[in-house]
2 protein chains.
Amino acid sequence: MSTEMADPAGAKPTLRDVALAAGVHLATASRALSDSKTRPVNPRTAALVRQAAAKLGYVPDQVARSLRTHRTPAIGVLIPDMTNPVMPPLVRGAEQVLAQHGYTTLFADTDNDQAAETQRLAMFLSWRVAGLILATARRDQPLAPELVNSGVPVVLMSRKLDATPVPSATIDESVGIAQALDHLIGLGHRRIAYLGVPLWTSAGHERLVAFREITRDRGLDLPPEFAQVCDGYSERDGEAALAALLARPDRPTAVLTGNDMMALGCYDAIRAAGLRCPADVSVVGYNDMPLTHRVDPPLTTVRVPYFDLGRQAASLLVEALDDRGSTERSVRLTPRLLVRDSTAPAPT
Amino acid sequence: MSTEMADPAGAKPTLRDVALAAGVHLATASRALSDSKTRPVNPRTAALVRQAAAKLGYVPDQVARSLRTHRTPAIGVLIPDMTNPVMPPLVRGAEQVLAQHGYTTLFADTDNDQAAETQRLAMFLSWRVAGLILATARRDQPLAPELVNSGVPVVLMSRKLDATPVPSATIDESVGIAQALDHLIGLGHRRIAYLGVPLWTSAGHERLVAFREITRDRGLDLPPEFAQVCDGYSERDGEAALAALLARPDRPTAVLTGNDMMALGCYDAIRAAGLRCPADVSVVGYNDMPLTHRVDPPLTTVRVPYFDLGRQAASLLVEALDDRGSTERSVRLTPRLLVRDSTAPAPT
DNA sequence: TTGAAAGCGGTACCAT
DNA sequence: ATGGTACCGCTTTCAA
C-alpha cells in the first residue's frame, strides 16, 4: 500500500541503488566508496559512483557493515555518576578522541548500581563493542567474568584494580598528596589530618596510603586518628569527621581532604568550633571542582587533569585496537597543587 | 592456524551453536530466546534452548538483529559541552530512561562546534539510530537537512527552534523570571536589571523576553539598558555588564542574570564599585549550579529541574517510537526560585 | 579493473 | 510447535 518514492524519506537508498544509478555493479560501488588504496578502482568509475551516492543522499549502513566485517567501531563508556564533578571532563575527553578515530561512544551512567552496570555491560557486549572504558571499577572487585572472557579490550579510567593488571589512565596520587603536605609543612604545620574518601576506589586508597607514607617520611608523628576515611563524599561527611578531631586537645592545625566537598564541610566544622580558616586551621581540598575558587575562603586544592585523563584513556584503547602488538600499557598523569586562600602559616 | 576452543574467548557462540547444542533448529532457537508471546514454542524446548544458551555463554548479536529487523535500539544524544553544569543531569536523566526501555545511548559532545556536530550526526545516522536527542539546537538554525529527510525522530532537550516545531522538553522560562522578579519586587526593588545569556538558545531568548514583559506588566519603568544581553556566559561577562550599570546615577538596586556564573561576576562588580551584596545590590542567578549555596553570599537563584528534563526528553522520544500514532508533543517543566542570601530589601 | 556470488548472525514467513 | 529458507546491506574472495 505504500507508494514508491524516489528520494524523500521512507526508504534509505542502499548501495544497490547507488550502483544502479551509477550503472556499475554493487561490488564496484562498494569498492569505489571504500578505501581506494587497497582496492583498484578506475578513477572515472569511482567519481561516477560517488556522484550517484551524493545525489541519492546515500549513507552507508554501519550495521550491515559491522555484521559483515565483524568490526564494530563503537566503544562503551561506563560512568558511575555524572553528577560527580570529575566525570564530565573525563567523558568529554574520551569521546573527543574516540570520535577523532572514528569510534562512536556508547554511554551509560550506572548510578553506582551493580545491577545497572551489569545491564549496561550486557547491552554493550551485545553490540559487539570494540572496547570498553570503565570509570566504575572498584579496587577489590575483579572485572565481571562475562567481560573478561568476552575478550573485549578494557581500559580503566581514573581507577585501577588491586589484583588484576588492567590497562588504565590514572593520576599519581602520591604526587598530589605530597605537594599538599609539603605546602602545609612549609607553612609550619605539624599536626596535619587527612579525611579521606571511601577506599573502594583505587584513588581513595592511594591517597590514604600516600598520606601515611609521606607524613612518616617527613618525620611527622601523627596520632592514627589523624588519618581517617569517611563514609561518603559529602560536606557533612567532612564536617563530622573534622568536628571530632577539633574537639581534641591536640587538634590539627591543618586538614587535607579526599575531595573538595569534604573540604567545604571542614569549613563548617571549623566555624562551628569557633575557629577560623585559614587563621586557625588550614584546609586543602582535592579535585578543584568548579567554583572552589569562589567559596569563602577560596579553596587551596589539588587540581587533577581529568580532561586529559579521559583523552589518555581513550588513546590507550584506540592504540590497543589499532596495533595488534601494542603491549597493553597504562598511563599516569600528574596533578598539581593550586594554592589559594584556605591555607596559611600554622598558628603559633 | 588458530586452535578451535570450546568456550574460551576467541569466537563467540552464535545462535547456530546454541541450536546445535540444544538439538533443535536454528529458527526454533531464535523463537525460544525471543518473545514467547508472539511465537508458539514448547516450554520444554524453550527451556532446553535457554539452558544451552546459558552454558555456551551465548550473547545475541545486536548488530545482526538490527540488520534483519531494521530496528536499531539506539538513541543518539548530542551535547554542546559537558562542561556546562546543566548538561550532566540532562544526560544522566536521558540515559536512565533510555536504558530502561532497552535503548543504548550514543553520546557525543560537540564542543559547540558545527563541524563536530555534523560529523557526529553522520555517525549516528550511519548507525541507523532509532531517534535523536539534541541539546545543541540553536534558535535560528533549522535542523540539518540530512537530519530532516533522514526521517529520524528528534526531540530537543532544553532547547527549541524559532521557526520549526520540533518536539521538545524545556522549562517555562517566564515562570522562573517571574518568580525572581516578584521576589525582588516584594523586597521593594524597582530598578532591576537583567543581564542575559546570549540569544542563540531559545532559553536565552525567552528569558529576555519574559523579563521585558513581566517588568512592563508589573509597572516597572526601566531604561532599555537595564535589560541587556552579554556576549558570553562567564563571570567576566557578568562583571563587565554590571560594572557599567553601576556607574549610572540611576543604578539598579537588584540584578537578575541569565546564569549563575554571571551572577557571581556581579558580586565582583558590586565589590569593585565599593558596594555590598545584598545590602546595596541584590543578585539573583539562574540554574542553581553546584556550590552556589557555598559562595559568599549564598546565591539566590532559579533552580531548574534538569535531571527531570532529561528524563522527559527521553520519554517523549521513546513514546513516539513505541506508539506509531502518538502526536508529537512537547513537555514543559517548571523551575522554582531558591531564595538564599544574595537578595535583601531594597536600600532606602 | 570489474562482475559474480557467498555469507556475516539473526528474523520471520511459509510449509509441514 | 518446529523445520526450511529467503534475506537484511554490505564486504570480500574468486573469476573473468
Side-chain angles (χ1 to χ4, degrees), chain A residues 10-50 52-53 56-74 102 123 125-130 150, chain B residues 10-50 52-53 56-74 125-130 150:
Chain A
K12 312 208 162 312
T14 74
L15 193 54
R16 214 179 105 281
D17 301 322
V18 175
L20 232 54
V24 300
H25 190 269
L26 174 65
T28 308
S30 172
R31 285 184 286 249
L33 295 177
S34 319
D35 34 23
S36 43
K37 312 301 164 198
T38 41
R39 298 294 153 218
V41 186
N42 186 313
R44 280 230 318 282
T45 317
L48 232 62
V49 172
R50 273 194 287 269
L56 293 182
Y58 171 70
V59 176
D61 187 323
Q62 182 58 59
V63 173
R65 182 179 294 179
S66 285
L67 177 60
R68 179 57 232 236
T69 60
H70 290 270
R71 250 198 101 268
T72 300
M123 279 183 139
L125 256 23
S126 174
W127 276 113
R128 300 294 188 256
V129 291
S150 76
Chain B
K12 310 205 164 313
T14 75
L15 193 54
R16 216 179 104 281
D17 301 323
V18 175
L20 232 56
V24 299
H25 190 270
L26 173 65
T28 307
S30 173
R31 285 184 290 248
L33 296 176
S34 319
D35 33 24
S36 44
K37 312 302 165 198
T38 41
R39 298 295 151 214
V41 186
N42 185 313
R44 279 229 319 282
T45 316
L48 232 63
V49 172
R50 274 195 286 271
L56 294 182
Y58 171 70
V59 176
D61 188 322
Q62 183 57 60
V63 173
R65 181 180 295 177
S66 285
L67 176 60
R68 180 57 235 236
T69 61
H70 292 271
R71 252 197 101 267
T72 300
L125 257 23
S126 172
W127 275 112
R128 301 292 188 259
V129 291
S150 77

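Each chain gets a letter, A, B and so on, in the order the sequences are listed, and its residues count up from 1. For the numbers below, each heavy atom of this structure counts, side chains included, while hydrogens, waters and symmetry mates do not. Since the structure is predicted, the reported quantities are computational estimates derived from the model, not experimental observations.
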Length of the line joining [X]:[atom1] and [N]:[atom2], which is rounded to integer Å:
{"X": "L26(B)", "N": "dA12(C)", "atom1": "CG", "atom2": "C1'", "answer": "12 Å"}
{"X": "R44(B)", "N": "dT2(D)", "atom1": "CZ", "atom2": "C1'", "answer": "14 Å"}
{"X": "R16(B)", "N": "dT5(D)", "atom1": "CZ", "atom2": "C1'", "answer": "15 Å"}
{"X": "L15(A)", "N": "dT12(D)", "atom1": "CG", "atom2": "P", "answer": "13 Å"}
{"X": "L20(B)", "N": "dG9(C)", "atom1": "CG", "atom2": "P", "answer": "14 Å"}
{"X": "H70(A)", "N": "dA6(C)", "atom1": "NE2", "atom2": "C1'", "answer": "13 Å"}
{"X": "L33(B)", "N": "dT2(D)", "atom1": "CG", "atom2": "C1'", "answer": "15 Å"}
{"X": "K12(B)", "N": "dG10(C)", "atom1": "NZ", "atom2": "C1'", "answer": "16 Å"}

Check whether any side-chain heavy atom of [X] sits under 4.5 Å from a side-chain heavy atom of [Y], and report yes or no.
{"X": "P73(A)", "Y": "Q62(A)", "value": "yes"}
{"X": "R65(A)", "Y": "S126(B)", "value": "no"}
{"X": "V129(A)", "Y": "T72(A)", "value": "no"}

At under 4.0 Å, does any side-chain N or O of [X] touch on OP1 or OP2 of [N]?
{"X": "T45(A)", "N": "dT2(C)", "answer": "yes"}
{"X": "T28(A)", "N": "dG3(C)", "answer": "yes"}
{"X": "S30(A)", "N": "dT11(D)", "answer": "yes"}

Proximity to the side chain of [X] - top-ranked nucleotide from [options]:
{"X": "R65(B)", "options": "dG9(D), dG10(C), dT5(D)", "value": "dG10(C)"}
{"X": "N42(A)", "options": "dT2(C), dG10(C), dG4(D)", "value": "dT2(C)"}
{"X": "R68(B)", "options": "dG4(D), dG9(C), dA6(C)", "value": "dG9(C)"}

May I ask you to say what H25(A) touches in the nucleic acid, namely base, sugar-phosphate or nothing, with a heavy-atom cut-off under 4.0 Å?
->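 Base contact.
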
Under 4.0 angstrom, heavy atoms only, what part of the nucleic acid is T14(A) near: base, sugar-phosphate, or nothing?
->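 Sugar-phosphate, backbone atoms only, no base.
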
If you pin L67(A) and A29(B) to their nearest nucleotides in DNA chain D, which one's is more 5'?
->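 Closer to the 5' end of DNA chain D: A29(B).
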
Applying the side-chain contact (heavy atoms from CB on, under 4.5 Å) test to L15(A), which of L26(A), V49(A), D61(A), L20(A) qualifies?
->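 The single option meeting the side-chain contact (heavy atoms from CB on, under 4.5 Å) with L15(A) is L26(A).
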
Over all heavy atoms of both residues, which pair between A52(A) and A22(A) is shortest? Give the atoms and the distance, please.
->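 For A52(A) and A22(A), the tightest heavy-atom pair comes out as CB-CB, 3.9 Å.
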
Check if the side chain of R31(A) and the base of dG3(C) share a donor-acceptor pair of N or O atoms closer than 3.5 Å.
->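 A donor-acceptor contact between them is present.
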
